[in-house]
Q: 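Let me give you the structure first, and then I'll get to my questions.
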Amino acid sequence: MKLKKTYKHLLIVIGVLLVIVGGGYGFLSQYQYENELVDRFNPLLKTKIGYAALPTEKTAIDSDYTEMKVGPHEKKKVLGSPFKNMVVTDDSWGTSSFLTFYTGLPPVDKPYVMVEHRGIYVSRINFVDWESIPRGIRNNMFKDYSKYRGMYSDYKKSQKSMKGNYDPKTFVMNVGQYD
């Protein structure tokens with residue numbers, strides 16, 4: 001009888017902790033690929049290595065450039081600041097996602113990037129050449145960036161035309177090119 005209050009307080013603390021842990025798990029499992037900050041610290045997401053083709057100065061068109069302020073009244077068009085909604089292929093099955101990351105111009109002989117990411121949070125990138133990309137992933141990528149151009153806007157249009165609340169965070173990219 002003397003410990004009744006102690007047990008009551010202990011049960012309340014355990015109940016509150018279970019609600020907090022359960023709510024946190026529910027939030028983190030549902031809120032993946034929505035916010036860079038959440039994905040950065042989300043323990044439920046694995047770090048993945050993916051690959052993407054980049055536009056180069058030779059293959060870029062006006063829509064690939066971003067206007068950047070360089071002075072009080074001066075703007076300059078730059079490429080790669082940021083690369084927005086790039087198709088990043090993560091595995092040999094073609095699992096891909098649209099990611100945005102900052103980088104400079106790719107070297108002439110390395111127009112592809114290896115991207116380390118958790119959800120939509122990109123932690124590192126590295127320029128690579130075509131032969132450095134694993135063959136299984138290469139089979140699910142286009143060698144030329146121009147075939148990716150407009151893919152994000154087409155994807156968003158197709159999402160609007162689908163009925164219901166269908167918004168997958170990743171998609172499968174199968175190009176059927178096997179080398």
Q: So if you build clusters from Ile, Leu, Val, Met, Phe, Trp, Tyr with side-chain heavy-atom gaps below 4.5 Å, do Met68 and Leu79 land together?
A: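 No.
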
Q: Looking at side-chain heavy atoms only, is the closest gap between Thr66 and Lys77 below 4.5 Å?
A: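 Result no, sub-4.5 Å side-chain heavy-atom pair not found.
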
Q: Search all heavy atoms of Leu99 against all heavy atoms of Gly119 and return the closest pair with its distance.
A: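 Answer, listing the atom of Leu99 first, then Gly119: CD2-O, 3.5 Å.
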
Q: Quick one: are Val113 and Asn126 in side-chain contact, heavy atoms under 4.5 Å?
A: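 No; the side chains remain at least 4.5 Å from each other.
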
Q: Which pair of heavy atoms, one from Gly94 and one from Asn140, lies closest together, and at what distance?
A: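 For Gly94 versus Asn140, the nearest heavy atoms are N-ND2, 3.6 Å.
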
Q: Is any NZ, NE, NH1 or NH2 atom of the basic residue among Asp91 and Lys48 found under 4.0 Å from an Asp or Glu carboxylate oxygen of the other?
A: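 No salt bridge links Asp91 with Lys48.
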
Q: Taking the side chain as every heavy atom from C-beta outward, state whether Val88 and Ser96 have any pair of such atoms under 4.5 Å apart.
A: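 Val88 vs Ser96: side chains apart.
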
Q: OG1/Thr103 to CG/Leu54 distance, rounded to the nearest 0.5 angstrom?
A: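 Nearest 0.5 Å value for the OG1-CG distance: 7.0 Å.
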
Q: State, with a plain yes or no, whether a side-chain heavy atom of Tyr51 is found less than 4.5 Å away from one of Ser132.
A: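 Tyr51 vs Ser132: side chains apart.
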
Q: First locate atom CD1 of Ile133, then atom CD of Glu131, and finally report the distance between them rounded to the nearest 0.5 Å.
A: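 Result: 9.0 Å between the selected atoms.
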
Q: Please tell me whether Val115 and Tyr152 are part of a single hydrophobic cluster in this structure, the criterion being side-chain heavy atoms less than 4.5 Å apart.
A: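 Both belong to a single hydrophobic cluster.
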
Q: Give a yes or no answer on whether the side chain of Arg118 reaches the backbone of Leu45 with a donor-acceptor pair at less than 3.5 Å.
A: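 Flag set: sc Arg118 to bb Leu45 pair under 3.5 Å.
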
Q: Could you tell me if the side chain of Val87 sits less than 4.5 Å from the side chain of Phe98, heavy atoms only?
A: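 Phe98 vs Val87: side chains touch.
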
Q: Between Arg149 and Ile61, is any pair of side-chain heavy atoms under 4.5 Å apart?
A: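 Answer yes - side chains close enough.
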
Q: How many angstroms lie between OH in Tyr145 and CZ in Phe83, if you round to the nearest 0.5 Å?
A: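 CZ of Phe83 is found 8.0 Å from OH of Tyr145.
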
Q: side-chain contact (heavy atoms from CB on, under 4.5 Å) between Lys110 and Val128: does it pass, once the steps are laid out?
A: CA-CA 5 Å; Lys110 296 181 178 181; Val128 296; 5.7 Å; no

Q: Any side-chain heavy-atom pair from Lys75 and Val70 closer than 4.5 angstrom?
A: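 Answer no - side chains too far apart.
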
Q: Anything under 30° is parallel, anything over 60° is perpendicular, the rest tilted; go ahead and classify Tyr148 against Phe142.
A: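 Perpendicular.
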
Q: Between Thr95 and Trp93, is there a donor-acceptor pair closer than 3.5 Å when you use the side chain of the first and the backbone of the second?
A: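 Not a single qualifying donor-acceptor pair exists.
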
Q: When rounded to the nearest 0.5 angstrom, what distance separates CD1 in Ile49 from OG1 in Thr89?
A: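 Going from CD1 on Ile49 over to OG1 on Thr89, the span is 13.5 Å.
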
Q: Would you compute the distance between atom NZ of Lys8 and atom OG1 of Thr6 and round it to the nearest 0.5 angstrom?
A: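 OG1 of Thr6 is found 11.5 Å from NZ of Lys8.
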
Q: Please lay out, stage by stage, how Thr47 and His117 fare under the test side-chain contact (heavy atoms from CB on, under 4.5 Å).
A: CA-CA 6 Å; Thr47 300; His117 66 99; over 6 Å; no

Q: Does Ser123 use its side chain to pair, donor to acceptor, with the backbone of Glu116 at less than 3.5 Å?
A: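 It does hold such a pair.
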
Q: If you take all heavy atoms of Asp39 and Glu34, which pair is closest and at what distance?
A: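 Taking every non-hydrogen atom into account, OD2-N, 4.1 Å.
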
Q: If you define the side chain from C-beta out and look only at heavy atoms, does anything of Met86 sit under 4.5 Å from Pro55?
A: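 They are in contact (side-chain heavy atoms under 4.5 Å apart), so the answer is yes.
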
Q: Please check: side-chain N/O of Asp62 versus main-chain N/O of Tyr65, any donor-acceptor pairing under 3.5 Å?
A: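 A pair under 3.5 Å: no.
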
Q: Does Lys147 offer a backbone N or O that forms a donor-acceptor pair with the side chain of Asp144 under 3.5 Å?
A: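 Not a single qualifying donor-acceptor pair exists.
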
Q: So, does Tyr112 use its side chain to make a donor-acceptor pair with the main chain of Lys143 at under 3.5 Å?
A: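 Checked: pair present.
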
Q: Following the transitive rule for hydrophobic clusters with a side-chain heavy-atom cut-off under 4.5 Å over Ile, Leu, Val, Met, Phe, Trp and Tyr, establish whether Tyr121 and Leu44 coincide in one cluster.
A: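 Each belongs to a different hydrophobic cluster.
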
Q: Assess whether side-chain contact (heavy atoms from CB on, under 4.5 Å) is satisfied between Arg124 and Phe101, documenting all intermediate values.
A: CA-CA 9 Å; Arg124 291 190 300 181; Phe101 48 86; over 6 Å; no

Q: If we ignore hydrogens and angles and just use 3.5 Å, is the side chain of Thr100 paired with the main-chain N or O of Asn85 as donor and acceptor?
A: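 Yes, the answer is positive, given that a donor and an acceptor are paired below the 3.5 Å cut-off.
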
